[in-house]
Structure formats: structure tokens, C-alpha cells
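Written out below as C-alpha cells is the structure these notes cover.
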Amino acid sequence: AQSVSQHNHHVILSEAASLELGCNYSYGGTVNLFWYVQYPGQHLQLLLKYFSGDPLVKGIKGFEAEFIKSKFSFNLRKPSVQWSDTAEYFCAGAPNTGTASKLTFGTGTRLQVTL
Amino acid sequence: GAVVSQHPSWVICKSGTSVKIECRSLDFQATTMFWYRQFPKQSLMLMATSNEGSKATYEQGVEKDKFLINHASLTLSTLTVTSAHPEDSSFYICSARKPFTEAFFGQGTRLTVV
């Protein structure tokens with residue numbers, strides 16, 4: 001069965017600390033992977049996506065993620081977090097079928113950045 | 001990126017009544033839309049896939065007679081919560097996706113059934 005798992009449920013960091021949020025997926029074939037962010041009271045916004053090519057993906061606001069096929073992982077990283085990065089982060093995956101296939105979401109990671 | 005608009009943003013209804021939520025893709029034609037439900041501090045749970053011109057595909061455990069989905073055009077999908085009860089109170093989110101792109105999300109609808 002297709003699944004996406006996030007092992008960090010709640011992360012608290014001080015400003016300027018480095019961030020890495022884990023994401024693992026389980027899909028039978030090739031996969032499209034995404035990281036979305038949900039700021040308090042707002043809708044989901046795309047941070048970055050991986051479809052193919054360079055496994056190191058750069059996103060908005062200084063975020064990046066690395067697709068490691070051998071580890072079935074797509075971890076999100078940021079070298080130095082800001083207070084404004086406080087939000088809920090969701091990893092999601094979809095089979096790469098060439099159609100508008102459904103996304104499966106991980107359980108989410110709540111990031112709290114303290115001043 | 002594409003824009004998906006959801007209406008209303010919040011609604012309060014009495015137990016036993018029905019509520020309709022609209023999801024529109026404003027700048028692209030979406031043959032497929034998705035409806036999610038999000039409980040407080042939890043992830044998004046896919047309820048159903050809405051296919052233009054055909055019946056929706058519901059996820060296991062989702063009551064299709066309670067959550068009616070209609071995708072009458074390439075830019076509009078509606079979710080109707082029929083005979084709503086307090087346990088249906090939740091945050092409902094729609095999304096639309098084109099092939100080879102990410103999913104674009106509406107702002108969500110907070111439903112409170114009293």
C-alpha cells in the first residue's frame with residue numbers, strides 16, 4: 001500500500017538552528033514527492049517538489065529536500081530557521097502515473113521556532 | 001501557481017441539515033479534484049477523488065451517501081454534507097491537480113454542526 005510517514009511530530013528549535021524533518025515513503029513504482037507548509041490559519045502551500053532529475057531539490061524560503069531512493073526518504077532541510085517558519089509541515093507523495101493522481105500525506109510535523 | 005478557491009470559509013449549521021461546499025479552480029481546468037478532511041492538529045485524510053463527468057471515488061470508510069460529491073464542470077466540484085451531525089464538524093479542504101504538477105489547495109472550510 002502507498003504510504004508516507006513522518007517521524008518527527010513536534011520539533012522545537014531556536015532561531016538560527018538547522019532543521020531536518022524526516023519523511024519516508026512506500027510506493028510500488030516511481031513517485032512524485034512534495035513538501036507542503038501550513039501556517040496557522042492558512043491553506044497549504046507548496047514548499048518544493050520532486051518529480052525526476054536532480055535528487056536535491058531547492059524550494060522557497062531557503063528550504064531544500066533530498067530524494068534518496070535507496071532509503072525511500074525525502075527529508076526536508078533548512079540551514080537556519082526563522083521564527084516565521086513556525087508552522088505545520090506535511091510530506092506527501094503520489095504515484096508517477098502521468099495523471100493527476102491523488103496525494104497521500106504524512107501525519108505532519110509541527111515546527112515551533114523560539115526567539 | 002494555480003488558484004483554487006473554496007467557499008464558504010466557515011459555516012455553522014444545525015444538526016440534521018445539509019451543507020454544500022464549493023471548490024473552484026480559477027485559472028485551469030481540473031478534470032480531477034480531491035476532498036480532504038483535517039481534524040485539529042492532525043494530517044489531511046483523503047475522503048474522495050472527484051472526477052469531472054463521472055462518479056466520485058471514495059476512500060475506504062467514507063460514507064458516500066453522507067458526503068455527496070458532484071463535479072459538474074472542469075472548474076467546479078461540490079461537497080455536500082447531508083444530515084450533518086456534530087461529529088461531522090471538521091475542516092474540509094479541496095485540491096485540484098493537473099498531470100505533472102503539484103496539487104493546489106483551497107483555503108478550506110471550517111464546518112461546525114451544532
Side-chain angles (χ1 to χ4, degrees), chain A residues 1-11 21 23 25 30-53 57 59-60 65 74 86-112, chain B residues 1-7 9-10 21 23-26 28-52 54 56-60 62 69 71 74 77 91-110:
Chain A
Q2 302 168 352
S3 67
V4 175
S5 60
Q6 294 177 245
H7 304 295
N8 313 104
H9 298 296
H10 189 191
V11 173
L21 301 182
C23 173
Y25 65 92
T30 56
V31 63
N32 301 146
L33 295 164
F34 311 86
W35 275 98
Y36 284 88
V37 61
Q38 187 176 34
Y39 298 103
Q42 296 189 26
H43 65 281
L44 277 82
Q45 301 172 37
L46 181 71
L47 278 178
L48 47 79
K49 60 187 177 184
Y50 173 79
F51 279 71
S52 64
V57 180
I60 61 171
F74 189 58
T86 295
E88 189 87 20
Y89 291 81
F90 294 97
C91 182
N96 185 14
T97 61
T99 61
S101 53
K102 62 184 180 183
L103 268 64
T104 299
F105 282 83
T107 50
T109 297
R110 182 172 298 274
L111 172 64
Q112 184 178 348
Chain B
V3 178
V4 175
S5 177
Q6 199 172 329
H7 178 80
S9 298
W10 59 270
I21 303 170
C23 178
R24 294 180 184 273
S25 58
L26 298 184
F28 71 100
Q29 293 182 331
T31 55
T32 304
M33 290 186 176
F34 304 92
W35 287 96
Y36 292 85
R37 186 172 178 177
Q38 186 180 29
F39 292 100
K41 299 184 179 181
Q42 294 189 31
S43 186
L44 283 75
M45 181 192 78
L46 180 67
M47 299 175 65
T49 301
S50 173
N51 304 296
E52 188 268 337
S54 64
T57 304
Y58 290 82
E59 296 298 303
Q60 191 173 9
V62 177
I69 291 172
H71 195 154
L74 288 171
S77 175
F91 195 55
Y92 294 88
I93 304 171
C94 74
S95 79
R97 189 175 179 219
K98 297 180 285 186
F100 307 111
T101 70
E102 66 269 30
F104 302 96
F105 288 85
Q107 67 270 42
T109 297
R110 183 160 303 285

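To find a chain, count down the sequence lines: A is the first, B the second, and so on, and within it residues start at 1.
With a 4.5 angstrom heavy-atom cutoff, A:Leu103 touches chain B via backbone and side-chain atoms both. For chain A, the nearby part of B:Leu46 is the side chain; its heavy atoms alone come within less than 4.5 Å. With a 4.5 Å cut-off on non-hydrogen atoms, B:Gln42 touches chain A through its backbone but not through its side chain.
Judged as a ring pair (Phe, Tyr, Trp, His ring centres under 6.0 Å), and not counting sequence neighbours, the contacts of A:Phe51 are A:Phe34. For B:Tyr58, there are no ring pair (Phe, Tyr, Trp, His ring centres under 6.0 Å) partners, not counting sequence neighbours.
Counting heavy-atom pairs closer than 4.5 Å to chain A, the top-ranked of the candidates B:Gln38, B:Met45, B:Arg110, B:Gln6 is B:Gln38. Among the candidates B:Thr32, B:Thr101, B:Thr57, the residue making the largest number of heavy-atom pairs closer than 4.5 Å to chain A is B:Thr101. Of the residues considered (A:Lys102, A:Gln6, A:Lys49), A:Lys102 shows the highest number of contacts with chain B, using heavy-atom pairs under 4.5 Å.
Closest approach of B:Ser43 and A:Phe105 over heavy atoms only: OG-CB, 3.6 Å.
Taking 4.5 Å as the limit, every side-chain heavy atom of A:Gln38 sits out of range of all side-chain heavy atoms of B:Phe105.
Note that CD of B:Glu52 is 6.0 Å distant from NE2 of B:His71, once rounded to the nearest 0.5 Å.
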